[in-house]
Amino acid sequence: MRIPRIFTDQPLASQRQILLESEASHHLSLVLRLQSGAELKLFNGAGEEYAGILVQPNKKHASVDIVELLRTEPDPSLRIHLIIGISRGERMDFALQKAVELGVNSIQPIFTERCVVKLTEKRLTHRMDHWRRVIVNACEQSGRCRIPELRDAEKYATALTKKRQGDALLLDHRSQQTLLDLPQPDGSVTLLVGPEGGLSEDERALAKQQGFMPIKLGPRVLRTETAPLAAIAAIQAMWGDFR
């Protein structure tokens, strides 16, 4: 049986005991039905992973003995920042989950002209909380020890005019350039992907004015949840940690 990986907000150190948060405790006790003595792996987003032993299962606050440091996750060879148009529920969840698995370092949701999702301030707060859980769960599953940053959702123009580091790429199937036409980036890449229906002509023009280089991924038009994943995988294979 695979050893469960659990995220906690608490400081971690060998030879101490902690009480896990209610969500993690519920998952271990009632979903996985683990008993005392079960092995766990713990991380808190700081880059380290620890071995733990479940001492007392409890659906509200399970207690865990931290045994030892297992590993420290190295810094990424290439930092990838994803700016993505907000799409409908499961499509957005899928894109975020798989982007985390592929190694993205930060995510910026944006509202665009063709964004079909309309959110009140209250609903946006709930949605952001949901996306954070999706990201944490993806880290638990994929073995990542650092949690990618989820930046506050913003309007398209606001997000694009903020200072960026590294190369800026715009996914656009109309472009004649591909990743193979670009030089190797210096440490970081920003990737811009539109929502369902894509970006408008004015939005593409603004992106180019802000220094985004249009690139295409082959001859096909990809869906909004497919395009960023294909691009991130290709970027990792060419310049990142897939090598």
Side-chain angles (χ1 to χ4, degrees), residues 43 45-49 71-85 87 92 94-110 112 135 138-139 141-151 154 156-195 198-199 201 203-243:
F43 71 106
E48 297 177 334
E49 181 179 74
R71 64 187 177 98
T72 300
E73 185 177 283
D75 291 330
S77 57
L78 178 69
R79 299 187 65 83
I80 302 174
H81 173 47
L82 175 64
I83 303 177
I84 184 169
S87 55
M92 190 70 174
F94 181 84
L96 297 186
Q97 180 190 68
K98 302 308 175 186
V100 171
E101 291 179 21
L102 290 168
V104 74
N105 298 103
S106 62
I107 299 169
Q108 170 77 72
I110 53 172
T112 67
I135 289 171
C139 287
Q141 182 275 326
S142 63
R144 294 188 66 171
C145 295
R146 291 187 172 90
I147 307 296
E149 177 189 5
L150 177 64
R151 300 183 180 176
E154 294 182 327
Y156 181 85
T158 303
L160 261 62
T161 53
K162 290 192 172 180
K163 184 178 179 181
R164 296 180 305 276
Q165 293 182 340
D167 295 350
L169 306 179
L170 163 65
L171 290 192
D172 186 355
H173 65 275
R174 305 164 191 82
S175 176
Q176 297 304 308
Q177 290 193 106
T178 71
L179 290 171
L180 294 174
D181 298 317
L182 305 180
Q184 181 167 340
D186 185 18
S188 63
V189 169
T190 297
L191 183 66
L192 171 59
V193 184
L199 298 173
E201 184 176 344
E203 287 173 330
R204 295 197 305 274
L206 178 60
K208 295 173 186 178
Q209 291 172 11
Q210 294 298 322
F212 282 80
M213 179 71 67
I215 60 164
K216 67 176 181 179
L217 298 174
R220 293 162 293 279
V221 178
L222 303 181
R223 293 168 63 102
T224 186
E225 69 269 34
T226 307
L229 311 182
I232 293 168
I235 289 169
Q236 291 283 41
M238 291 179 62
W239 304 314
D241 59 16
F242 282 13
R243 294 181 296 174

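What's counted below: heavy atoms across the whole structure, side chains too, no hydrogens, waters or symmetry copies. None of the values given here were measured: they were computed from a predicted structure.
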Report yes if some heavy atom in the side chain of T112 is under 4.5 Å from a heavy atom in the side chain of P195; otherwise report no. yes
Who are the side chain to side chain donor-acceptor pair (under 3.5 Å) partners of K216, not counting sequence neighbours? none
Crowding at CD, Q184 (>12 non-hydrogen neighbours, <6.0 Å): yes
To the closest 0.5 Å, what do you measure between OG (S87) and CZ (R223)? 9.5 Å
Check: S106/H81 side-chain N/O donor and acceptor closer than 3.5 Å: yes
Under 3.5 Å, which donor-acceptor pairs link side chains of residues 94-103 to any protein atom two or more places apart or in another chain?
{"residue": "K98", "atom": "NZ", "partner": "E101", "partner atom": "OE2", "Å": "3.4"}

Please answer whether the main-chain N or O of P214 pairs with a side-chain N or O of D172 as donor and acceptor at a distance below 3.5 Å. no
Distance-only, no hydrogens or angles: does the T178 side chain make a donor-acceptor pair with backbone N or O of I215 under 3.5 Å? no
Donor-acceptor pair, side chain of R144 and main chain of A138, under 3.5 angstrom: no
Answer yes or no: is there a donor N or O on one side and an acceptor on the other, between the side chain of T161 and the main chain of T158, under 3.5 Å? yes
Worked verdict on L82 versus V193 for side-chain contact (heavy atoms from CB on, under 4.5 Å): CA-CA 8 Å; L82 175 64; V193 184; 4.0 Å; yes
Are any side-chain N or O atoms of Y156 and backbone N or O atoms of E203, one a donor and one an acceptor, separated by less than 3.5 Å? yes
Before you tell me yes or no, could you show the steps for F212 and L206 under side-chain contact (heavy atoms from CB on, under 4.5 Å), namely the whole-Å CA-CA distance, both residues' side-chain angles and the distance that decides it to 0.1 Å? CA-CA 9 Å; F212 282 80; L206 178 60; over 6 Å; no
Do you know the tightest heavy-atom contact between L160 and A207? CD2-CA, 3.6 Å
Could you report the tightest heavy-atom contact between L78 and S188, atom names first, then the distance? CD1-N, 3.5 Å
If you round to the nearest 0.5 Å, how far is CG of D75 from CZ of R146? 5.0 Å
Polar side-chain atom of E73 near backbone of C145 as donor-acceptor pair, under 3.5 Å: yes
To the nearest 0.5 Å, atom CD1 of I83 lies from atom NZ of K162 at 10.0 Å
What is the distance from atom CD1 of I107 to atom CD of E149, rounded to the nearest 0.5 Å? 10.0 Å
Show your reasoning for whether side-chain contact (heavy atoms from CB on, under 4.5 Å) applies to L217 and L171. CA-CA 8 Å; L217 298 174; L171 290 192; 4.1 Å; yes
Which distance, rounded to the nearest 0.5 Å, do you find between the CG of L191 and the CD1 of I235? 5.0 Å
Any side-chain heavy-atom pair from L192 and L169 closer than 4.5 angstrom? no
If you define the side chain from C-beta out and look only at heavy atoms, does anything of M238 sit under 4.5 Å from L180? yes
If you look only at pairs with a residue in residues 227-243, which of them pass as a side-chain hydrogen bond (donor to acceptor under 3.5 Å, both in side chains), with sequence neighbours excluded? Q236-D241
Point-to-point distance, once rounded to the nearest 0.5 Å, from CD1 of I110 to CD1 of I84: 8.5 Å
